[in-house]
Every structure is written in structure tokens, then in C-alpha cells.
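A quick write-up on the structure given underneath.
The structure displayed is predicted, hence computed values, not measured ones. Whatever order the structure lists ligands and atoms in, that order sets their numbers, starting from 1.
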Amino acid sequence: MDNFVEEISTKLDPGAIVRDPELIAAFTTDWTRRVSGKCDLLVRPRDHQGVLDVVQAAINHHIKLQIQGGNTSLSGGSVPLEGEVLLSLGRLCARCAVDPDTLVATVDAGVTLERLQREAMKYNLTLGVDLASRGTATLGGMAATNAGGLHVLRYGSMRSSVISLRCVWGDGTESPRSAPLIKDNSGISLTPLIVGSEGTLGVITELTLRLVPVLNSKAVAMVPFVTIADAVAFAGKVRRMTEAVSAIEMISRRAIRIVEEVKGVVFPIRETFEVAVLLEISSNAGAGDELMEILQGTLLAPQLQSTLLGIDNTSWSGLWQWRESITESIQRVGEPLKLDLSVPVSALGDLWRAVDEVQSDLAGGLDVIRFGHLGDGNIHVNLLAEEEVLDLAEVEIYRRVAELDGSITAEHGIGTLKKEFLSLVRTEWELARMRDLIAIFNPGRTLNPNVLI
Ligand code: 2HG
Ligand code: ZN
């Protein structure tokens, strides 16, 4: 370790090398507080060359590195578990350049989503991907994990927004600068492969991202449904009617109760419901009118009466607050086990029932809080219980998800927490090919040795 530090100290600025345990502590526990690692050294290069120097020195001295962006991973993917040196990209943030003619941004990996949103907004542009953790999540981390978020239905996950990337690979080589080429068919592209590889192939240092125009007319409705099946049918009808849908989110009754309890607020819908659907319509003009037309064409009169509308900015963001406060509110009542499930949208009712069955089999010992991205078939199931009950519930729910041809992680990634379950949803052949790729790009597993596989 001393030789490693000696080598990088000649190349990085003094502020880049941190050995103070108190300063390091802030980086070693993940956002959920469920995963706490250990680490004696934090390295924070400011640029691509610094990252290259660190990775090459790590290879020379047989040091393992754990990469970290904003440390917002919900699957333990960003903390060092076994004393790896923490390679934080938070200071790699000098560049955040928007090209308004090409509609792209070129950013350093440590730039936060919120900062890009601010810069892009100067030209009425934004990134299609948006997340509640926008103030902290970094674009490099979002690409490495193929983050999804609130508008996947319209803009896709990060993979759809990444045009090109620059990387330092785990074998100590580097790729050229990212280029804003909207079209480029010169052979096999590594870009889609790196996105979602969770830092097991290389460190992303720079990204060129596709931007989209900000749609200034937005309207939101919160519609209560007695069953999840009714909500799914509604989502399908709405999507068949218009392309202007920018989100179809779901909040269960239990999730609403938690937000009410923690925030001291009262949900305005008093009728009994199993799920509330948050539907957002965005366009350049008249989103409110279009939303009303959609609701009138899909809901019966009593349902329409209990629907909440957010047509102006204040009521619009007030309704979104219910959805965006859930994660933070749950965190205030416990340390949940977070499941991030997806199934074909048409199987969401089956998934709901499966989770209900697991809960009743565990005889009341399990608190289940469901919410998520109904339009994408991606349901977050947060579980609160004693650890042994959580273990049983997790295995059983994943087994049921696999039976429904679903995924054990739709958007948060495998990280370190879901590694043992990967084989439920990937074949031996697929796992072997993942290992082959890691062996090519990151041969000594210098980067993220405990993540993914
Ligand atoms: C969301 O959709 C995030 O709000 C967080 O993916 C999900 O807290 C969670 O489980
Ligand atoms: Zn989500």
C-alpha cells in the first residue's frame, strides 16, 4: 500500500489523497445504511489523467479499487467491502459543456445530474433521465449503473441517453475522448456494453449525452384504483391514446401512509384504494386539456371525482411530492431491504399477489411498502422486518419473480447485495460471458472486485 501511495503522490494533487478515517467514514456507508464497508485510503483525482494514474499504480502494486460517484447506490454497489481503496470521482467535475446545436452535453463523470439540468436549462434542454436523487447522483455513476428513474417510459434508461464515453479500463489502458457523433457505425460499439456494467470493466471519466427539449406544458393526475389490475389496464389505455405520457408511476396505500406519518400530511383521497397512479402528460402546449380528455375517456364518473389534478406548477409539484418523498420517508422509519423488481407489465397483478402471499405466509412479521414505475413494469418493494424474516422474504420473492420471467433488478443494479441471486435470472452461459468480458477489460479484477459477479 505504501508503494502505491508513493507512486500516486508524485502524480496527484495533495488534496486527492485522504487517509483521515473521519473523512473517509462518510464514503464507506451506502445510502441505505445497510452496507458498511472498510477502507483506509480514499483517492479523489480531478481529471481523466489522474484516474489513469491511479488505475495503473493499482495494477502495479496489486491494489484493488472500489469506484464511487455520488454514493447513491441502493444495492451496495458503491462501497468498499474488503479494504479496497476508494476511488471517488466526485472531484472529476470541471467540464459540463452543453452544445445547443447538436443537443448534446459533454460532462466529466463526477458532474451531478442536477448541475447538468441547470446548465442544459439555459438552452431549454434537459437530460431525458431524471431521478429523485438528482442533487447527489453523478452522471458517471448513472451511466455505470444504467440508471432509470421517473421518465423511462418516454426517454428510456441511461443507455438511451449515452452517445459515447471515455474510460480507463481495468487493464490500465484508456479509450479516446468521447465524441458527439449522433451517428457512428464504425464497428462494434463498446458504449452500450459499459453502460450498466457497474464498474466491472472500466472507470467512466467523461460522457457525451443526448439532450431533449424541456416540454413546458405539464399536467399530472393522481388516480386511485381498487386493484393493481385496474391500474395496469388504465395505464395501457392511456398509452394507446397518446404519445404525450411522460410518467406513469404507482404508489401503494401503505407507501402513502408512511409519507403521511413521517411528513405529518394528509393524503387528500379518502376513498379506499390499493394503489394511486400518478400520470404525467407533457407537451409544448395544452397538457392540462389533453389530460382532462384522457381522464374523461378512461375513467368512470365516481373515479373521476376522486382524482386529484395538478395542472398549475404548484399543484403539479405537490402531487409529485407524494411520489418523490417515499424513499426518504421509509428511511426515517427503518432500514428497509430494497427490492427493485420488474416483470412484463401484464404480469404486475401476478407479482402483486405473489408478494401478498409471501407476506401472509410470514404471518404479519413483514411490512411491505410498494411503489414505483408502473408504466415500465418496475415495482420497488421495500421490506421492513427482523433480519431473518427479511432473508426468507427476499429469497421467496425473487423465486416468484424468476417464475414470472422478471428481473431481480430493473434499475438499481446487482451491486454487492444481489450478487447471490443473479443466477436466478441469468443462465450459466450468460454468467460465463460476463466473466469473459471482465477478464478482457479488467483482468486482475482491479476495479470493483466485489460488485456484480
Ligand atoms: C425510486 O424510484 C428510486 O424512487 C428509489 O428508484 C426506490 O427507494 C427505493 O426503493
Ligand atoms: Zn425507481
Should you measure from each heavy atom of [X], which atoms of ligand 1 turn up under 4.0 Å away?
X    : result
H373 : 2 (O)
H380 : 1 (C), 2 (O), 3 (C), 6 (O), 7 (C), 10 (O)
T327 : 4 (O), 5 (C), 7 (C), 8 (O), 9 (C)
N382 : 9 (C), 10 (O)

Quick test of your reading of the model: are [X] and [Y] salt-bridged, counting only N-O distances below 4.0 Å?
X    : Y    : value
E249 : R323 : yes
R270 : E260 : yes
D130 : R134 : yes
E403 : R399 : yes

The Zn ion (ligand 2) has as its nearest N, O or S atom from E411 the atom OE2
the protein heavy atom lying closest to atom 9 (C) of ligand 1 turns out to be K338 NZ, 3.3 Å
Among non-hydrogen protein atoms, atom 1 (C) of ligand 1 lies closest to R323 NH2, 3.4 Å
Looking at the Zn ion (ligand 2), is there an N, O or S atom belonging to H373 that lies under 2.8 Å away from it?
yes
**Q.** N, O or S atom of D340 closer to the Zn ion (ligand 2) than 2.8 Å
**A.** no
Just let me know how [X] lines up against ligand 1, side chain, backbone, both or neither, with a heavy-atom cut-off below 4.0 Å.
X    : value
H412 : side chain
L131 : neither
I330 : neither

* Asked: Any side-chain heavy atom of R253 within less than 4.5 Å of one from V275?
  -> no
Practice task
Indicate yes or no: at least one non-hydrogen side-chain atom of L103 is less than 4.5 angstrom from one of V212.
Solution key: no
Exactly one candidate in F234, F273, W352 meets ring-ring contact (aromatic ring centres under 6.0 Å, His included) with F225; the answer is F234
CH2 of W322 to OG of S317, rounded to nearest 0.5 Å, is 13.5 Å
